[in-house]
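So the structure is just underneath, and the comments pick up after that.
Atoms within each ligand, like the ligands themselves, are counted from 1 in listed order. The structure presented is a predicted model; accordingly, all values stated were derived computationally and were not measured.
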Amino acid sequence: MYSDRLIIKTASDNTNMQENELKIMTPGPTQVADNVRKARSYITTNPDLDERFYDFYKETCDKISKLIHTRNNTYILGGEGILGLEAACASLTEPGDRVLVIDNGIFGKGFADFVSLYEGEPVLYTTDYHKPVNVNDLKEYLDKDSDFKYATLVHSDTPSGILNPVEELCPLLKSYGIMTVVDSVTGMFADELDVDKSQIDIVCGGSQKAISAPPGLTIVSVSDDAIDAMESRKVPIRSFYANLLTFKSYYKDKWFPYTMPISDIYGLRTAIDNIEADTNHLYRHKTIAVAVRKALVKAGLSLYLEEGFASSVTVFNVPEGLTDKEILDTMKEQYHVMIAGCFDILAGKVIRIGHMGNNANVEDVADTLDALTKTLESLGFDCKSNMKDVFMQELENL
Ligand SMILES: *Cc1c(COP(=O)(O)O)cnc(C)c1O
């Protein structure tokens, strides 16, 4: 056992802290606030039979709609972010449908699997993984081929930390009659998202990223055009759990397609209330992200991306001669801070610091950068400056 004095407490709460608790600075799941954890312990009712729960659920969905600037209906589904992505593809894809899969990241490319699973024909539009998708290049492509039922794209692709300009890309696609499915699981509430202005047909969010509730829920907002497309299918949606149409009349009929995870939804509601009350939410994310990048670059680390940085996560290349594992292990064992490596094509190549949701607080980010500086130095990498000092200086210069 460590001595008590070695245990780092989170800024938001240190009650109920277990020994050996780690400071979670990963790009999801993120830290969960005290009041969100408490809300998950409220006395529960029968969410299928108690009409008050339908009001509570609807109010929560309406609050989310307002925060992401849409008049579309929003639904909360019991299942992680991946469920939202699959449900969008399951509900829209008919056998033989051509779907444009916009691929400049791991999650972007991953949509092709869902499209294929439901017997659509994914057509990959692959661009540089180090930069956002360029709207003019996409237009040039669409001028040659725009025969797609819908397109998939990722707002903020977490493995690389890229931020795509959905507010430009989605209206362009729509002008060619192509609906859009946007994965904003990490983007939502970390970077700006205006669903109606961007004319997004289906947008997916998740509880465990910038919302800072524990994993378990996905949020899906669905346009009338998307509902029309689902209702005019020639063949039925080949899923029940991932069928978005089953939610359409839940409020009128007082019927959910399956029993709602009520405690998860109590927690989510409090997390959404926290975001609603926090008027500097996006400003704080952006400012912290900018200062983290400055600190890393000044220390001599290199960022994975060339441009188009999301405010949710910073991704840097593992310095030559070091491994991701030794960096992550030292951070965890010596400093009790958990940051993340990556997977798929980026496995072993990059390290990710998640500074979204409750992680986006100055104290924890500063502690993380201090620990990272000391970790890298102890492994033989010569940091040109202490990253915490540069980070704090940046914030003080604002
Ligand atoms: C986290 C994440 C998801 C969902 O993954 P889950 O493991 O289901 O939470 C989807 N897309 C992106 C971009 C994500 O960051």
For ligand 1, which atoms, with element, lie under 4.0 Å from some heavy atom of Lys209? 1 (C), 2 (C), 3 (C), 14 (C), 15 (O)
Going by atom types only, do Ser312 and Thr186 share a side-chain donor-acceptor pair under 3.5 Å? no
Please identify which of these residues, Asp103, Val154, Leu100, meets the side-chain contact (heavy atoms from CB on, under 4.5 Å) condition with Phe111. Val154
How many angstroms lie between atom CD1 of Ile272 and atom NZ of Lys63, to the nearest 0.5 angstrom? 9.0 Å
With heavy atoms and a 4.0 Å threshold, my read on which part of Ile82 contacts ligand 1 is both
For ligand 1, which atoms sit closer than 4.0 Å to a heavy atom of Thr186? 14 (C), 15 (O)
Do me a favour and list the nearest non-hydrogen protein atom to atom 12 (C) of ligand 1 with residue, atom name and distance? Asp183 OD2, 3.3 Å
Subset of ligand 1 atoms that lie under 4.0 Å from at least one heavy atom of Glu80: 6 (P), 8 (O), 9 (O)
Donor-acceptor contact present, side-chain Asn386 to main-chain Thr373, <3.5 Å: no
What part of Ser156, side chain, backbone, both or neither, has a heavy atom within less than 4.0 angstrom of ligand 1? backbone
Which label fits Phe53 and Phe256: parallel for a plane angle under 30°, tilted from 30 to 60°, or perpendicular past 60°? perpendicular
Protein residue, atom and distance nearest to atom 15 (O) of ligand 1, heavy-atom basis: Thr158 OG1, 2.2 Å
Atoms in ligand 1 flagged as close to Gln208, the criterion being non-hydrogen separation under 4.0 Å: 6 (P), 9 (O)
In Å, rounded to the nearest 0.5 Å, how long is the span from OG1 of Thr368 to CD of Glu363? 11.0 Å
